[in-house]
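Sequential numbering from 1 along the given sequence is applied to the chain's residues. The figures that follow rest on heavy atoms only: side chains count, while hydrogens, waters and symmetry mates do not.
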Amino acid sequence: MSRSTSRTSLAVVGTATVLALLTACGGSGDDDAAAGSDGKPVSITFWGWAKGSKEVVDAFNASHKNIKVVYEEIPSGNAGGYAKISNAVKAGNAPDLVSIEYPQLPEYVSQGALQDIGEYFTEDIRKKLLPQAVELTTLGGKNWAVPFDASPQSFYYRKDLFEKYGVEVPKTWDEFRKAAEKIKKADKKARIGTFFPDDPTTFQAMAWQAGAQWYKPEGDTWKVSTADAATNKVADYWQGLLDDDLIRSNASFSPEWTNSLKNGGTVGYLGAAWGAGVLKGTLPEQSGKWAVAPMPSWDGKPASGMLGGSTFAVTKTSKKAKAAVEFATWMSTTEEGIKARIESGTSSAFPAAAALRPVAKKSFDAGFYGGQDIYQVFEGAATSIGQNWNWGPTTGTTNTTMKDQFGKVASGGTTIKDAVKAGHDATVAELKKRGLKVEDAG
């Protein structure tokens with residue numbers, strides 16, 4: 001990410017102030033938590049969904065005798081994974097290690113679902129990782145997760161069809177709309193991209209890119225604002241694309257979305273760095289037909305938000321935190337861990353460990369993208385990520401409400417702007433319900 005260390009530090013300090021009261025209920029591994037790296041074999045459980053996870057677990061188990069990882073693939077977070085994790089924590093039968101994306105981490109910390117891993121997440125480990133990623137996992141002065149990747153946005157497009165339709169790759173959002181119009185005119189069944197009604201995080205990333213700042217910690221108060229000019233600009237823009245039938249409205253990664261990609265009905269995808277592996281694994285028959293470009297921006301200058309991004313956190317009930325962190329660190333900071341994931345052929349993760357990005361690039365078979373150096377595009381996108389975005393401790397409430405409302409947009413039941421407002425209102429109400437001070441900036 002491109003946040004300057006100083007700017008991010010200020011944001012995290014503010015967040016820490018607000019979360020200090022919340023993290024008091026979080027666990028902090030007891031003496032038994034160190035079991036597993038003292039020479040005695042130990043088994044740890046890990047839940048996740050990221051592409052290549054099984055291959056990483058297999059590689060770790062093959063090269064480590066004292067720790068065995070039992071992996072269970074769960075649905076992606078917003079598709080049910082987070083609910084499964086939360087329910088397991090409440091029931092007292094959670095796994096030792098779980099995948100949690102950066103936006104959701106503050107909420108799990110505030111709920112006391114995780115334990116501080118600072119004892120094992122040492123400075124030697126932290127210095128290998130992007131400082132900003134470490135700071136996003138440092139709340140209330142404690143370390144709550146091992147960062148794995150960064151996830152800048154990129155634009156994936158069918159270069160063969162763009163050439164066929166005589167469409168230039170858009171550099172601005174104005175050009176994106178013109179390209180959308182040209183594609184629809186050339187083929188009335190084709191669309192340039194998709195609005196995902198089930199995935200508010202994609203919209204949030206584009207608001208981030210535009211300069212929005214939904215959550216701002218100021219002292220012991222959360223300032224919540226989603227009616228700013230940047231957010232309204234993004235909402236009006238996408239509403240216009242939907243109203244004029246220039247994009248599709250399909251659930252992310254649904255059969256409908258996949259089929260539209262397969263038959264040329266959708267010729268572009270606004271995703272994240274990890275999306276390169278998704279497309280490659282979903283559309284093997286289209287190898288060589290896709291390319292990656294920087295996200296369009298409002299003024300043509302490089303700009304990106306971050307869409308997702310994963311961390312590995314230890315649940316509060318785990319008695320094997322030391323072993324769990326050792327495995328998480330291996331996944332995130334070793335050549336062997338990155339290579340095993342990328343060589344699975346389904347992952348295009350952009351490591352938070354900058355020194356391992358050349359390993360990721362070398363391990364990724366770019367034949368699907370005609371041999372293009374897609375990691376160079378990701379590097380450029382990462383350096384352009386907006387500096388002022390923070391995640392709040394009620395992301396689940398925000399996203400659930402927005403998802404419910406986004407589902408009504410395509411049918412005309414509501415608008416994107418009103419859906420965002422509903423998410424805002426639900427967020428403010430939830431923060432107040434938790435006893436936090438809130439400034440409702442609209």
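Between Lys361 and Glu379 there is no salt bridge, since none of the side-chain N atoms of the basic residue sits less than 4.0 Å from a carboxylate O of the acidic one. Ion pairing of Arg434 with Glu107 is present here, as a side-chain N (NZ or NE/NH1/NH2) and a carboxylate O approach within less than 4.0 Å. Checked for salt-bridge contact, Arg177 and Asp244 meet the test: a charged N lies under 4.0 Å from a carboxylate O. A salt bridge is defined here as a Lys NZ or Arg NE, NH1 or NH2 lying under 4.0 Å from an Asp or Glu carboxylate O, and Asp174 with Lys178 fails to meet this definition. Between Lys189 and Asp187, no side-chain nitrogen of the basic residue sits less than 4.0 Å from a carboxylate oxygen of the acidic one, so the salt-bridge criterion is not met. With respect to Asp58 and Lys54, a salt bridge is recorded, a charged nitrogen being found less than 4.0 Å from a carboxylate O. Between Glu123 and Arg126 there is a salt bridge, since at least one side-chain N of the basic residue sits less than 4.0 Å from a carboxylate O of the acidic one.
Using cut-offs of 30° and 60° for the angle between ring planes, the Phe203 and Trp214 rings count as tilted. Classified by interplanar angle (parallel below 30°, tilted 30° to 60°, perpendicular above 60°), the ring pair Tyr108/Tyr82 is tilted. Using cut-offs of 30° and 60° for the angle between ring planes, the Trp257 and Phe196 rings count as perpendicular.
Rounding to the nearest 0.5 angstrom, the gap separating the CD1 atom in Ile100 from the CH2 atom in Trp144 is 11.0 Å. Taking CD of Glu181 as the reference point, atom CD1 of Ile183 lies at 10.5 Å (rounded to 0.5 Å). Separating the CH2 atom in Trp389 from the CH2 atom in Trp208 is a distance of 7.5 Å, to the nearest 0.5 Å. In this structure, the separation between CD1 on Ile416 and CD on Gln405 is 12.5 Å, given to the nearest 0.5 Å. Remark: Asp236 CG to Thr415 OG1 distance equals 8.5 Å, nearest 0.5 Å. Between the CG atom in Leu241 and the CH2 atom in Trp173 there is a gap of 8.5 Å [rounded to 0.5 Å].
Side-chain contact check for Leu283 versus Arg158: every heavy-atom pair is 4.5 Å or farther apart. No side-chain heavy atom of Phe406 sits less than 4.5 Å from a side-chain heavy atom of Asp198. With a 4.5 Å cut-off on side-chain heavy atoms, Glu101 and Thr395 do not count as touching. For the pair Phe46 and Ser99, the minimum side-chain heavy-atom distance is below 4.5 Å. Residues Pro95 and Ile85 have side chains not in contact (no heavy-atom distance under 4.5 Å, counting atoms from C-beta outward). Looking at heavy atoms from C-beta onward, Ile247 lies in side-chain contact with Trp238 at the 4.5 angstrom threshold. In this structure, Asn143 and Tyr120 have side chains that are not in contact, with every pair of non-hydrogen atoms separated by 4.5 Å or more. Put simply, the side chain of Trp222 does not reach to within 4.5 Å of the side chain of Lys216, judged on heavy atoms.
Within the 3.5 Å criterion, the main-chain N or O of Leu105 finds no donor-acceptor partner in the side chain of Trp391. Of the possible polar contacts, none joining the Ser287 side chain to the Pro284 backbone as a donor-acceptor pair under 3.5 Å is found. Distance alone, capped at 3.5 Å, is enough to place a donor-acceptor pair between the Gln372 side chain and the Val292 backbone. With hydrogens and angles disregarded, no donor-acceptor distance shorter than 3.5 Å links the side chain of Thr231 to the backbone of Ala207. With hydrogens and angles ignored, the 3.5 Å screen pairs no side-chain donor or acceptor of Ser332 with any backbone N or O of Thr329. In this structure a side-chain-to-backbone donor-acceptor pair under 3.5 Å is present from Gln286 to Leu261. A donor-acceptor pair is defined here as one N or O able to donate and one able to accept, closer than 3.5 Å; no such pair exists between the side chain of Gln153 and the backbone of Ser304. Ser348 contributes a side-chain N or O that, together with a main-chain N or O of Trp274, makes up a donor-acceptor pair within less than 3.5 Å. Side-chain atoms of Tyr71 come within 3.5 Å of backbone N or O of Gly48 as a donor-acceptor pair. Side-chain atoms of Tyr375 never come within 3.5 Å of backbone atoms of Pro358 as a donor-acceptor pair (strictly under, hydrogens ignored).
Closest of all the heavy-atom pairs between Thr346 and Gly52 is OG1-N, 3.6 Å. Here the closest non-hydrogen pair linking Ala349 and Ile342 is N-CD1, 3.6 Å. The two residues Thr315 and Gln115 come nearest to each other via the heavy atoms O-NE2, 2.8 Å. Nearest heavy-atom pair across Ala210 and Val234 is CB-CG2, 3.7 Å. In plain terms, the two heavy atoms of Ile385 and Gly305 that are nearest each other are CG1-O, 4.1 Å.
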Please walk me through it: do Met206 and Met295 pass side chain to side chain contact (heavy atoms under 4.5 Å, CB included)? CA-CA 10 Å; Met206 290 188 289; Met295 281 284 287; 4.3 Å; yes
Report the C-alpha separation of Asp199 and Phe253 in whole Å, then their side-chain angles, then the decisive distance to 0.1 Å, and conclude whether the side chain to side chain contact (heavy atoms under 4.5 Å, CB included) test is met. CA-CA 10 Å; Asp199 181 23; Phe253 314 117; 5.9 Å; no
Could you please spell out the steps behind the side chain to side chain contact (heavy atoms under 4.5 Å, CB included) verdict for Lys316 and Val89? CA-CA 8 Å; Lys316 68 175 183 180; Val89 170; 3.9 Å; yes
When you look at Glu430 and Thr401, which way does the side chain to side chain contact (heavy atoms under 4.5 Å, CB included) test go after all the steps? CA-CA 11 Å; Glu430 181 64 21; Thr401 303; over 6 Å; no
Would you please test Tyr215 and Thr398 for side chain to side chain donor-acceptor pair (under 3.5 Å) and show each step? CA-CA 11 Å; Tyr215 311 97; Thr398 308; 3.0 Å; yes
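The environment of NZ in Lys184 is crowded: more than 12 heavy-atom neighbours from other residues, nucleotides or ligands sit within 6.0 Å. Counting non-hydrogen atoms of neighbouring residues, nucleotides and ligands closer than 6.0 angstrom, the NZ atom of Lys51 reaches no more than 12 such neighbours. Sparse packing is recorded around CD of Gln376, with 12 or fewer heavy atoms of other residues, nucleotides or ligands lying under 6.0 Å away.
Taking the six-membered ring for Trp and the full ring otherwise, the centers of Phe312 and Phe327 sit at least 6.0 Å from each other. Aromatic ring centres of Trp298 and Tyr237: separated by under 6.0 Å.
Listed by first then second residue, pairs satisfying salt bridge (charged side-chain N to carboxylate O under 4.0 Å, His left out) with a partner in residues 267-279 number zero, not counting sequence neighbours.
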Which pairs of donor and acceptor atoms, one on a side chain in residues 262-272, lie under 3.5 Å apart (sequence neighbours left out)?
unit_1 : atom_1 : unit_2 : atom_2 : d
Lys262 : NZ     : Thr282 : O      : 3.2
Lys262 : NZ     : Glu285 : OE2    : 3.3
Asn263 : OD1    : Gly265 : N      : 2.8
Asn263 : ND2    : Asn259 : O      : 3.1
Thr266 : OG1    : Arg248 : NE     : 3.1
Thr266 : OG1    : Ser260 : OG     : 2.8

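For the pair Arg341 and Phe148, the cation-pi criterion (under 6.0 Å, within 45° of the ring axis) is fulfilled.
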